Amino acid sequence: MMGRYDDIIGLPHHVSARHPQMPRGDRAAQFSPFAALTGLEAALQETARLTDRRITLDEYEQAALDARLQTLRGTIKTQPQVTVTYFVADAFKEGGTYCTAAGKAKKLTDENKLVFTNGTTIPVLDILALELV
């Protein structure tokens, strides 16, 4: 029984003398999916990214934090070692993240910012916790 293509199955592959062969990478790119909606993947990743809600301290926690800030204000000239947990608002969506910074406190500015000797500046209103080491 003879198959439909038995007469050509053994022939060598045709190579054009006029047109150079396409590189494999370019040929494969023809068959790869294209992004019909540019930016969709980035938008999905942004939506999936989680943020934390800003924690509101109760009056007792706020009073304790204020007392530690006053202690820091009194000892700031000695550049005490401190550890601060503070809130950083997200630029693109509601919420943000909590960060921790440790180092020597340099000054408390008139604009209510804590400045470290390494240049890090933290708004006092964003501070959640402060430890004097």
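This chain uses plain numbering: 1 for the first residue, then up along the sequence. The shown structure was predicted, so the numbers you read here are calculated from the model rather than taken from an experiment.
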Out of curiosity, L114 CG to K106 NZ, how far, rounded to the nearest 0.5 Å? 12.0 Å

Sort and list the pairs that fulfil ring pair (Phe, Tyr, Trp, His ring centres under 6.0 Å) and have at least one residue in residues 108-128, not counting sequence neighbours. none

Point-to-point distance, once rounded to the nearest 0.5 Å, from CD of E59 to CG of D66: 12.0 Å

Side-chain donor-acceptor distances from residues 121-133 under 3.5 Å, at least two apart:
| from | atom 1 | to | atom 2 | distance (Å) |
| --- | --- | --- | --- | --- |
| T121 | OG1 | G119 | O | 3.4 |
| D126 | OD1 | R54 | NH2 | 2.3 |

Donor-acceptor list for residues 43-50 side chains, cut-off 3.5 Å, not counting sequence neighbours:
| from | atom 1 | to | atom 2 | distance (Å) |
| --- | --- | --- | --- | --- |
| E46 | OE1 | R49 | NE | 3.2 |
| E46 | OE1 | R49 | NH2 | 3.3 |
| E46 | OE2 | R49 | NH2 | 2.5 |
| T47 | OG1 | A43 | O | 2.9 |
| R49 | NH1 | D90 | OD2 | 2.5 |
| R49 | NH2 | D90 | OD1 | 3.2 |
| R49 | NH2 | D90 | OD2 | 3.1 |

Any link between L72 and V115 through a network of hydrophobic side chains (Ile, Leu, Val, Met, Phe, Trp, Tyr) touching at under 4.5 Å? no

For atom NZ of K113, is the number of surrounding heavy atoms from other residues, nucleotides or ligands below 6.0 Å larger than 12? no

Kindly compute the distance separating CD1 (I9) from CZ (R4), expressed to the nearest 0.5 Å. 12.5 Å

Determine which pairs satisfy ring pair (Phe, Tyr, Trp, His ring centres under 6.0 Å) with at least one residue from residues 68-93, sequence neighbours left out, and list them in order. F87-Y98

Residues 13-31 side chain polar contacts: donor-acceptor under 3.5 Å, at least two apart:
| from | atom 1 | to | atom 2 | distance (Å) |
| --- | --- | --- | --- | --- |
| S16 | OG | R18 | N | 3.1 |
| S16 | OG | H19 | N | 3.1 |

Rounded to the nearest 0.5 Å, what's the gap from CD1 on I76 to NZ on K104? Could you check? 12.0 Å

Would you tabulate the side-chain donor-acceptor contacts of residues 77-85 under 3.5 Å, counting partners in other chains and residues two or more places apart, or write 'none'?
| from | atom 1 | to | atom 2 | distance (Å) |
| --- | --- | --- | --- | --- |
| T78 | OG1 | T75 | O | 2.7 |

Closest heavy-atom contact between G95 and T51? CA-OG1, 3.9 Å

